[in-house]
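Before any comments, here is the structure.
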Amino acid sequence: MKEKKKVILVRLYLVYFFTLFFALFIIAKIIHIQAFEGYKIREASEERTYKWRDINAKRGVIYSSDGYLLTHEVPYYDIFFDPLVNALRDSTFFNNIDALGDSLQKYFGVNAEGFVSHMKNIRKGKVRANRHYPIVRNISWQEKELLKTFPIFNLGWLRGGLIKYEYFQTFFPYGNLARRTIGMVDADRDIAFGLSHRYDSLLAGQDGKFYTHSVRHVEGYPINHPESRIIEPKRGYDLVSTIDLRIQDVAAYELKKVMKQYEVDSASVVVMEVQTGFIKAIVNLRNNHNGTFSEVLNYAVSNQIDPGSTMKLPAFMVAFEDGFIQIDDTIDCRNGYIRMYNQRDYSDVGTSTHGRISVRDVFKHSSNVGTVQIIDKYYNRTNLSSRDAKNSHRRKFTDGLYRMRLNQRVNTEIENEPLPVINNNDFHDLTLLQMSIGYELSLTPLQLLTFYNAVANDGVMMKPRFVREVRDDTKLIKQFEPIILKEQIASPQTISFAKELLEAVVEEGSARTIRNTNGYRIAGKTGTSLLYHSVYGYNHKEFYNSSFAGYFPADTPKYSAIVVLHAPNILKGSVHGGRLAAPVFKNIADFIYGLELGVQDMHKVTPVADNVFPFYKGMQRDLDMAYRTFGKHIVREDPSAIWVKAVNNENLYVFERKDTTRSKTPDVVGLSLRDAIYLLENYGFKVSFQGVGHVKSQSVDAGTPYKKGDVIELKLSM
């Protein structure tokens, strides 16, 4: 018996000590966790239930140089519903869920019966809980505001279970105008091009964050928590481009007109400010051959062309700079035909009656025969026998092109600019001759225009620029100054020689059809070149580039421009640059000349009465700056007013406060499009418009009642 008690006692002791040891182990583990591992577990737990979520920053916008919005960031929303939100009482839910379903069906097409039934089942626990039920996606700000007035949702996001996610989409108020140059960046950065891409780091802003309680559910989205902390996003900076919307609009209109008439496949126009290099307009159009046009590629920046006869200007300048020719020297044009090296025939269009004529006339008539003879005589023919010696002799011509920086990129803000192709190593007998008339080399239209602009600018080559300023709302962050690419592309004597040649082309030569009688003169050069065909090479007479490059006014150049028309239909008429491209140039130049006083001779301008001033409605701060800049005397009726109307009282302008009562449609006639859109969208209108300029009329009368989401159409002054 004693032996059994002893065994039982031993077993009891073993159990006791094991239990004691296990308890001590647990206590030690708890202490260890609390002291050494607790923070890790707490962090892990917090990571599972509390997370930082991004709040997308609103991108900055891009303005034209004359103050119009070229891009506009429009907010859109995805809406979800948490039917199990803690603060939503059962009585409130069941008393209002039917009305919510009816509202969703009426305005957003949601199946009310199915929605209500499913929400009730979730609330009663009959189906799997979904605390992030999708209601509607991709709705506008106005639609989101309307939805917030619905039953249950009008209780807000904490009590009503309404969950909204905001994101922004880029809107182009002027459609295709400069679309490829303005560019875009999508949310994933998969599509990125143009100025929006180049300046993405400035435009994008900084995303914000909110620290929120999360519950894992079907889609893995967070559920908002009352103790959420928010780091507000920082809006991106705005860009002020160099593009003048009025010039851009006219350039696009003139290009579409000729493309439609001559069935041109694609085309580009660039207008540049001579002294600064600022690009005032850039149009790149593809003909869809169904009456519509689109901007899909930036032809002016990235598409290399055989420049054709526009290349004769640098060829003649090299020969003049090297002292081989003078403007009055004569060349026998052989009645418009010559065969060189028993390999290629060169002929002229419209110069068959010309025999011996001056260098000036060779250029103004764009004689291929005269041009190849000049280059052949001074750079190509040699008694040297070795290939290396011949190449060295011929390289003097291409060295001259290199000196004028024609072999380098102009390095704009726009991507995909190729390096010019100008061979400077190995030449055959016809290489230089082909180069002199615009073949066996290639440049982009913008590179060629940069050269012509340098001639207009007395030899100073400016870098083409598309952005003038970076702004934070009204605060100037950075201003981009003009950049000189080359101080002098040639001597002053050579520049004067070039200008005389270019003026002769328009006044007497191949572009005389655009000789101007409107009070100013144009200088420029026509170009017509065969396109290389994948099957026929250059052995065809069907596919051409038609171009014109030049500047105006000829005596005091302010603007330069280039027009390139790719593959016009030869059955529709002449494809010569003087007949096709030059008139486009002239029409654009006429518009600019009539638009801008700075281009005109001031003694020819009829002065207007002192009491006439074109800006009379808008934001008070903008009008104040404009009126003071022009030396007008003003009186502010209410310094705190945002929107005002300027009333002239014996040359004293009184800024009267404009009524902006939210319950009535505002009067936006006379406002700039930027101000009108800003005001109307803040009222809740959806805005459409036609034309450019200031608002001429509005489809909804000022002072009439309206509701959010109404559409208003604006007609502009041009």
Side-chain angles (χ1 to χ4, degrees), residues 43-44 46-63 69-82 131-132 134-145 147-148 156-158 162-173 182-217 219-241 413 415 467 469-478 678 681-682:
E43 279 188 355
E46 189 167 313
E47 181 66 24
R48 285 194 295 269
T49 58
Y50 292 90
K51 290 187 178 181
W52 285 105
R53 301 290 182 181
D54 288 336
I55 305 174
N56 293 332
K58 186 175 182 181
R59 285 180 70 84
V61 299
I62 301 178
Y63 290 97
L69 278 171
L70 299 179
T71 63
H72 183 42
E73 289 296 304
V74 179
Y76 287 88
Y77 302 86
D78 290 344
I79 304 297
F80 296 82
F81 178 38
D82 177 12
R131 303 197 61 180
H132 199 270
I135 300 296
V136 64
R137 297 180 186 271
N138 198 36
I139 64 173
S140 68
W141 179 87
Q142 292 88 351
E143 292 170 321
K144 183 260 297 182
E145 290 297 302
L147 191 141
K148 285 167 60 178
W157 63 279
L158 284 176
L162 176 66
I163 303 170
K164 66 180 186 298
Y165 295 96
E166 182 182 56
Y167 55 95
F168 296 93
Q169 292 182 2
T170 301
F171 172 62
F172 296 87
I182 297 165
M184 64 174 293
V185 176
D186 71 350
D188 299 322
R189 280 10 185 215
D190 292 331
I191 301 174
F193 59 90
L195 297 178
S196 296
H197 176 219
R198 171 64 177 81
Y199 293 98
D200 183 45
S201 60
L202 295 173
L203 289 164
Q206 296 178 0
D207 287 346
K209 291 181 180 295
F210 65 102
Y211 194 53
T212 183
H213 182 218
S214 303
V215 177
R216 186 160 297 281
H217 44 70
E219 295 193 31
Y221 283 92
I223 302 300
N224 292 322
H225 186 274
E227 297 180 0
S228 296
R229 301 196 302 272
I230 295 178
I231 299 176
E232 294 291 343
K234 185 180 185 304
R235 183 183 178 277
Y237 292 127
D238 298 330
L239 297 184
V240 179
S241 74
E413 300 100 316
E415 69 280 353
V467 174
E469 294 174 353
V470 178
R471 304 190 75 88
D472 185 1
D473 194 12
T474 59
K475 180 182 178 183
L476 179 64
I477 302 299
K478 183 176 182 180
Y678 178 86
E681 287 188 346
N682 275 282

So, do [X] and [Y] sit near enough that their side-chain heavy atoms are less than 4.5 Å apart?
X: L195; Y: I182; answer: no
X: P75; Y: K144; answer: no
X: D238; Y: E469; answer: no
X: V61; Y: R235; answer: yes
X: F80; Y: I135; answer: no

> If you measure from CE on M184 to CZ on F172, what distance do you get to the nearest 0.5 Å?
Replying inline: 6.0 Å

> Between E166 and Y76, is there a donor-acceptor pair closer than 3.5 Å when you use the side chain of the first and the backbone of the second?
Replying inline: no

>> R198: which residues meet the side-chain contact (heavy atoms from CB on, under 4.5 Å) condition with it, sequence neighbours left out?
In response: E413

>> According to side-chain contact (heavy atoms from CB on, under 4.5 Å), who are the partners of L202, at least two apart in sequence or on a separate chain?
In response: Y199, Y237, V470

> Counting only heavy atoms not in E415, do more than 12 sit closer than 6.0 Å to its CD atom?
Replying inline: yes

> Can you name the residues that form a side-chain hydrogen bond (donor to acceptor under 3.5 Å, both in side chains) with D472, not counting sequence neighbours?
Replying inline: none

> Which residue, L147, I139, V136, N138, forms the side chain to side chain contact (heavy atoms under 4.5 Å, CB included) with Y77?
Replying inline: I139

